[in-house]
Amino acid sequence: MTDGARAATTPGRTPHEAATHCPYCALQCGMLLSERDGRIEVLPRDFPTNRGGLCQKGWTAAELLDHPERLTTPLLRGPDGRLAPATWAEAYARIVTGIRDTQAAHGRDAVAIFGGGGLTNEKAYALGRFARVALRTRMIDYNGRFCMSSAAAAGMRAFGIDRGLPFPLADLGRADTLLLVGANPAETMPPLARYLTEQRERGGRLIVVDPRVTATARLADLHLQPLPGTDLAVANALLHVALTEGWVDREYVAARTEGFDAVRRIAAGWWPARAERLSGVPVADLEEAARALGTARTAIILTARGAEQHAKGVDTVSAFVNLALALGLPGRPGSGYGCLTGQGNGQGGREHGQKADQLPGYRRIDDPAAREHVAAVWGVHPDELPGPGVSAYELLDSLGTPTGPKTLLVFGSNPVVSAPRAARVERRLRDLDLLVVADFLLSETAAIADVVLPTAQWAEEDGTMTNLEGRVLRRRALREPPPGVRTDLRILADLTTALDALTTAADGAAADAADPRVVFAELRRASAGGAADYAGVTWERIDAADGVFWPCPDEDGPDTPRLFAERFATPSGRARFHPVEHRPAAEEVCAEYPLYLTTGRVLAQYQSGTQTRRVGALRRAAPEPFVELHPDLAARLGVEEGEELRVTSRRGEMRAPARITATIRPDTLFAPFHWGGAGRVNSVTNDALDPVSRMPEFKVCAVRVEKVTP
């Protein structure tokens, strides 16, 4: 039995099983949990996304269920400044009193909600409803703003809809050419690497665009290694070559798109030599990549966080969408554009109301028809619903200020580690009158909270998730939560009742707001007719198949595994080109800060590390943060492997051991973002925001590095 199969120990429980999905990334690998004699065994299922494979994180996922640091009672911060155990009644009283006092003194928007991309669809939906009906606040956003927002905005303006992959994942293995931009799935979602292997075994070409020689880049036939922040220039140069070589599908462009002329004029000025001067990618490599895409029978372009987490992330993604449209890829079998969703429910989490500007079904909150539809489901008048709020970082940066929220409730997120300019965000959180965190472990954010609520884990509650393909899946509970622990849905229902804001559905039937099946049925009604239409998705239908792809408006009708075959979701039915020009990073290098810093993930850790840093096997595989630097830079600094480095930007500093490797550019540093404390790289990252998506510029900032003298 592997380390991963040795998970929880709960003597005396009846043996049983649950077919469910991994709690980590958006691949949502199928797994089987089996509990016998107090031991939980994790086994992979032959599910379409993972095909019987699991990564180390999946194998060890159950170890947290009975972890000794598991929270099983509410905690309240006392007069001595320490967190101490309390009853649920005491915790709720503190929260409800705080909410009422805050809103009485400062208005409804003085109470805010911060959600997470790992919450189930039911919880994401209930969180949005709680904010807008129980609290009547417009101040709600979530950590998915830091993940998918740039690709989502680019997809909406090009295609009229945002679904990470508008085709099944299996298409990747059948593409003659596959271009991955800022993606490292060999480490971030290892079972997906099987599709890359399948693609190459079929004779396909894999091209990777990344400043580092990652595990994925080592699989590639061609690796383009640009300066961080120059992907947009690379995309425009690829389109320039396609134009000059005659690889643009002019029939497709004429029949299925609009706005190409403006894009063509910009691309005409991006000859490869110009892009080489900016990005460092050789002309020959740009031409080879364009040729592989332009002459392929089938081709797919995928972007991920490396291209998207920039203050120009929307424009960068749009440039690659422009390239895909010019080559006639979207809507063709085996071809297209897509983005690799990061968090477990990064897709579903942004569809049903956690975002500041959205209502369920991917409806805009400022659309009168959308407000009327959702208000009817919620049993309120449309005028009672608040308007759009502000984005995640803007929300966090306003906390505790004279005009910002004074009370914050956090579900499924750890912004002390994951937010940009994290030291500033931590100060903002400490300035609050009341900080409430619902979690099952004491994260860095929970550790500074006034109230901590112990919540159920993934194997202790039913619900649905939506993976990176737009496939709605069933998460099934293996067992009940431990005594003293409540689900997020139960917490929201209890608080709603305590605030005297309990509502019923439009048909007058009382809804059990803590029952995920009932909540999902309401979600279906609220999403009906929206872009992300779940009306035809039922738990029974999911159980009968390997999930259901949205949009699915009719319970007896088909779902939609493949979008854009006949038309796009725009008013005209045509995809829209958007002219985009390269612009520099928000912060360029200078004499004081002469190096670029970029961030990312490592194989054995996940997101802010709250969970994975507590799993023995994962901690042994990746025990601490580090700073990657090139041997030439290390030699100039006199740095040896493992020596402590200080990386400083205009916003703060981090410290971590040196990892010397030739896989990174000599002008660039890399550090993973899974750790808090002195190794918190987000103390350094830039909080400059994309003007459309409000995505912070995580992936590039100017820094200096020096050896820490003992």
Side-chain angles (χ1 to χ4, degrees), residues 75-77 81 83 91 94-117 119 127-128 130-132 134-147 149 354-357 386-439 442-453 495 608 610 651-652 676 680 682-683 685-689 694-698:
L75 303 175
L76 293 185
R77 193 167 302 278
L83 288 171
R94 178 85 166 266
I95 296 168
V96 171
T97 299
I99 289 172
R100 286 176 172 160
D101 289 350
T102 297
Q103 291 191 324
H106 304 286
R108 294 191 180 277
D109 290 343
V111 176
I113 298 285
F114 197 81
L119 301 178
L127 201 60
F130 176 76
R132 281 139 186 156
L135 299 178
R136 300 278 296 280
T137 179
R138 64 185 183 90
M139 303 300 278
I140 176 172
D141 211 79
Y142 79 128
N143 64 16
R145 179 77 66 171
F146 301 155
C147 180
S149 58
Q354 284 192 99
K355 286 182 72 174
D357 58 350
V390 298
S391 72
Y393 182 76
E394 293 167 298
L395 172 59
L396 294 171
D397 194 43
S398 70
L399 297 174
T401 63
T403 58
K406 309 299 187 294
T407 290
L408 178 70
L409 284 69
V410 178
F411 289 80
S413 189
N414 185 17
V416 165
V417 174
S418 63
R421 203 168 189 174
R424 179 184 176 112
V425 168
E426 182 175 351
R427 289 195 298 271
R428 292 284 191 259
L429 289 164
R430 291 180 183 275
D431 286 342
L432 288 165
D433 294 343
L434 177 65
L435 173 60
V436 180
V437 175
D439 211 328
L442 197 68
S443 69
E444 286 81 356
T445 305
I448 65 172
D450 301 292
V451 183
V452 181
L453 303 177
L495 290 175
S608 71
T610 301
R651 291 154 297 281
R680 180 176 63 186
N682 277 325
S683 295
T685 50
N686 198 343
D687 56 347
L689 301 180
R694 314 310 286 169
M695 167 73 81
E697 185 140 283
F698 286 103

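Nothing here was measured: the structure is a model prediction, and the numbers come from that model.
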Legend entry - Residues which pass side-chain contact (heavy atoms from CB on, under 4.5 Å) with A91, listed by chain and number, not counting sequence neighbours: P74, L76, V451, L453

Legend entry - Heavy-atom side-chain contact between D141 and V390 under 4.5 Å: no

Inset, instruction - Quick one: pull up CZ in R138 and CG in D357 and give me the separation to the nearest 0.5 Å. - result: 12.0 Å

Inset, instruction - Please examine the side chains of V416 and I448, heavy atoms only from C-beta on, and report whether any two atoms are closer than 4.5 Å. - result: yes

Inset, instruction - Starting at CG of L135, measure out to OG1 of T102 and round the result to the nearest 0.5 Å. - result: 10.5 Å

Inset, instruction - Report the distance from atom CD of E426 to atom CG of D431, rounding to the nearest 0.5 Å. - result: 11.0 Å

Legend entry - Residues in salt bridge (Lys or Arg N to Asp or Glu O under 4.0 Å) contact with R77, at least two apart in sequence or another chain: none

Inset, instruction - Measure up the F698 and F146 rings against each other and bin them: parallel (under 30°), tilted (30 to 60°), perpendicular (over 60°). - result: perpendicular

Inset, instruction - Indicate yes or no: at least one non-hydrogen side-chain atom of L429 is less than 4.5 angstrom from one of L408. - result: yes

Legend entry - Which residues share a side chain to side chain donor-acceptor pair (under 3.5 Å) with N686, sequence neighbours left out: none

Inset, instruction - With sequence neighbours left out, write down each residue that passes salt bridge (Lys or Arg N to Asp or Glu O under 4.0 Å) with R421, or none if nothing qualifies. - result: D687

Legend entry - For A446, all residues meeting side-chain contact (heavy atoms from CB on, under 4.5 Å), sequence neighbours excluded: V437, L442, S443, V452

Inset, instruction - Nearest 0.5 Å please: distance from the CZ atom of R694 over to the CZ atom of R145. - result: 8.5 Å

Legend entry - Residues in salt bridge (Lys or Arg N to Asp or Glu O under 4.0 Å) contact with R100, at least two apart in sequence or another chain: D500

Legend entry - With sequence neighbours excluded, residues passing ring-ring contact (aromatic ring centres under 6.0 Å, His included) with F130: none

Inset, instruction - Supply the atom-to-atom distance Y142 OH to L119 CG, rounded to the nearest 0.5 angstrom. - result: 10.0 Å

Inset, instruction - Look at the side chain of R651 and the backbone N and O of T685, then say whether any donor-acceptor pair between them is shorter than 3.5 Å. - result: yes

Inset, instruction - Working to the nearest 0.5 Å, report the span between CG of N143 and CZ of F411. - result: 13.5 Å

Inset, instruction - List for me each residue that meets side chain to side chain donor-acceptor pair (under 3.5 Å) alongside R94, sequence neighbours excluded, and say none if there are none. - result: none

Legend entry - Results of side-chain contact (heavy atoms from CB on, under 4.5 Å) for V417 - residues two or more places apart only: N414, E444, S608

Legend entry - Sequence-distant partners of D397, side-chain contact (heavy atoms from CB on, under 4.5 Å), two or more places apart: Y393, R424, R428

Inset, instruction - Check salt bridge (Lys or Arg N to Asp or Glu O under 4.0 Å) between R108 and all other residues, then give those that pass, not counting sequence neighbours. - result: none

Inset, instruction - Report the residues that fulfil side chain to side chain donor-acceptor pair (under 3.5 Å) with Q103, sequence neighbours left out, ordered by chain and then residue number. - result: none

Legend entry - T407 and L409, any side-chain heavy atoms less than 4.5 Å apart: yes

